[in-house]
Amino acid sequence: KEKMKWSLNKFVEKRRIRQEDADAALARVSTTTSYEQAGKGADFAIEAAPEKMELKKIIFAKLDQATPPTAILASNTSTLSITEMGKATKRPDKVAGMHFFNPPHQMALVEVIKGDDTSQETVTALAELAKKLGKTPVIVRKDVRGFIVNRVLGAAFNEAFWAYHRKEATMQGIDASVKYTGGFPMGWFELADFVGLDIAYEVGN
C-alpha cells in the first residue's frame, strides 16, 4: 500500500489528479494474506506472482477453492501457458490471461489471452473490463509462449544482446539508437533492467 501511495502522490505532484482523488483511490484498497477472505464473493481474481509455473498452479488451485464458481480467474503472466494454469482448476473455461504492461498505471495496452479451454464469454468479459479500466485490450487467440508483445520483444532483445556481445556497439549506443531513432520510450537494455533481469532470464528459457 505504501508503494501505491507513493505512485498516487507522484500523479498529485504532476497535477494529473487531485489529492482527494488519490486518497479516495487508496481508501478503496484493502489487503489480506488470506485466500478465503480475498476470494469470498469475488467476481474476478488476478494472479501476479513471479514467472514460475508451479507457483502459479498452486495459486490457481487455491483461488479455485476460495472464489465462487462463477468467478473469472486471470493471470498477469507475460509468457506462461494459460491452458496449463487452467488445468489446475475445476473451471478452465473461466481462466484467461490479462497481461498488463509496466508501468501498468501508465501503459494503455492489455493482452487478453485465451487458453485452449477458455470460453469466448470469459475473453469478452475481460476485454470489456480492460476498457472500463481505460485500457486498450488486444485479444491473443492462441496460447503461445510470449503471446504477441513478448514474442516480438524477445527477438529484439536477442538481436540487441548479440550485437553487444559481438562488440558491434555499446549498450548506451544500442539504447540511444532505439530511443532517439526508433522512437521507443526506452532502449532495450534499459527496458530489460526495468522489467527485471531475473524475469527476462526466466522468459528466455
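Note that the structure is predicted; figures quoted are calculated from it, not measured. No hydrogens, no waters, no symmetry mates; every other heavy atom, side chains included, goes into these values.
Under a hydrophobic clustering in which Ile, Leu, Val, Met, Phe, Trp and Tyr are joined whenever their side-chain heavy atoms come within less than 4.5 Å, directly or via other members, Ile139 and Val110 fall into the same cluster. Following chains of ILVMFWY side-chain contacts shorter than 4.5 Å, one cannot reach Val112 starting from Phe101, and the two form parts of different hydrophobic clusters. Placement of Val144 and Ile82 in two distinct hydrophobic clusters is found when ILVMFWY residues are connected by side-chain heavy-atom separations under 4.5 Å, directly or transitively. By the criterion of side-chain heavy atoms lying less than 4.5 angstrom apart, applied directly or through intervening Ile, Leu, Val, Met, Phe, Trp or Tyr residues, Met98 is not grouped with Phe147; the two fall into different hydrophobic clusters. Hydrophobic clustering, with ILVMFWY side chains joined whenever heavy atoms are under 4.5 angstrom apart, keeps Trp6 apart from Phe194.
Under the salt bridge (charged side-chain N to carboxylate O under 4.0 Å, His left out) criterion, Asp21 pairs with Arg18, sequence neighbours left out. In this view, Glu168 and Ala163, Arg166 satisfy the side-chain contact (heavy atoms from CB on, under 4.5 Å) rule, not counting sequence neighbours. Looking at residues two or more places apart in sequence or on another chain, you find a ring-ring contact (aromatic ring centres under 6.0 Å, His included) between Trp162 and His165. Evaluation of the side-chain contact (heavy atoms from CB on, under 4.5 Å) rule for Arg28 yields Ala24, Ala25 as partners, not counting sequence neighbours. Taking the side-chain contact (heavy atoms from CB on, under 4.5 Å) definition, one finds that Asp175 meets it with Trp188, Phe189, Glu190, sequence neighbours left out. For Lys10, the salt bridge (charged side-chain N to carboxylate O under 4.0 Å, His left out) test picks out Glu13, with sequence neighbours left out. Here Asp23 pairs with Gln19 under the side-chain contact (heavy atoms from CB on, under 4.5 Å) rule; sequence neighbours left out.
Looking at Glu111, its side chain never comes within 3.5 Å of a backbone N or O of Gly97 through a donor-acceptor pair. Of the possible polar contacts, one joining the Thr124 side chain to the Gln120 backbone as a donor-acceptor pair under 3.5 Å is found. In this structure a side-chain-to-backbone donor-acceptor pair under 3.5 Å is missing from Thr79 to Arg145.
Minimum heavy-atom separation, Ser81 to Asp143: OG-OD2, 3.2 Å. Pairing each heavy atom of Thr32 with each of Ala38, the nearest pair is CG2-CB, 3.7 Å. Of all non-hydrogen atoms in Ala96 and Leu126, the two that sit nearest each other are CB-CD1, 3.6 Å. Ala160 and Ile174 make their closest contact through O-CD1, 3.5 Å (heavy atoms, listed as atom of the first residue, atom of the second, distance). Considering all non-hydrogen atoms of both residues, Pro137 and Ala130 come closest at CB-CB, 3.9 Å. Thr77 and Met85 make their closest contact through CG2-CE, 3.7 Å (heavy atoms, listed as atom of the first residue, atom of the second, distance).
Residues in residues 116-138 take part in these salt bridge (charged side-chain N to carboxylate O under 4.0 Å, His left out) pairs, two or more places apart or across chains: Glu128-Lys131. Residue pairs that meet the side chain to side chain donor-acceptor pair (under 3.5 Å) test with at least one member in residues 52-76, sequence neighbours left out, are Glu47-Lys56, Glu47-Ser75, Glu51-Lys56, Lys52-Glu202, Lys57-Glu84, Asp64-Arg91, Thr67-Arg91. Residue pairs satisfying the ring-ring contact (aromatic ring centres under 6.0 Å, His included) criterion with at least one member in residues 33-91, sequence neighbours excluded, are absent. Sorted by first and then second residue, the salt bridge (charged side-chain N to carboxylate O under 4.0 Å, His left out) pairs involving residues 29-38 (not counting sequence neighbours) form an empty list.
The environment of NZ in Lys1 is crowded: more than 12 heavy-atom neighbours from other residues, nucleotides or ligands sit within 6.0 Å.
Residue Ile59 holds its CD1 atom at 11.5 Å from CG of Leu73, rounded to the nearest 0.5 Å. Taken from OG1 in Thr122 to CD1 in Ile72, the straight-line distance is 4.5 Å, to the nearest 0.5 Å. One finds the CG atom of Leu80 at 10.5 Å from the NE2 atom of His99 (value rounded to the nearest 0.5 Å). Separation of atoms OG (Ser7) and CD (Gln106) is listed at 7.5 Å; rounding is to 0.5 Å. Between the CG atom of Leu153 and the CZ atom of Arg151 there is a distance of 12.5 Å, given to the nearest 0.5 Å.
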Item to check | Worked check of side-chain contact (heavy atoms from CB on, under 4.5 Å) between Val152 and Phe157 | outcome: CA-CA 9 Å; Val152 174; Phe157 272 6; over 6 Å; no
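Cluster note: Leu26 groups with Met4, Leu8, Phe11, Val12, Ile17, Val29 through ILVMFWY side-chain heavy atoms spaced under 4.5 Å, whether in direct contact or through intervening members.
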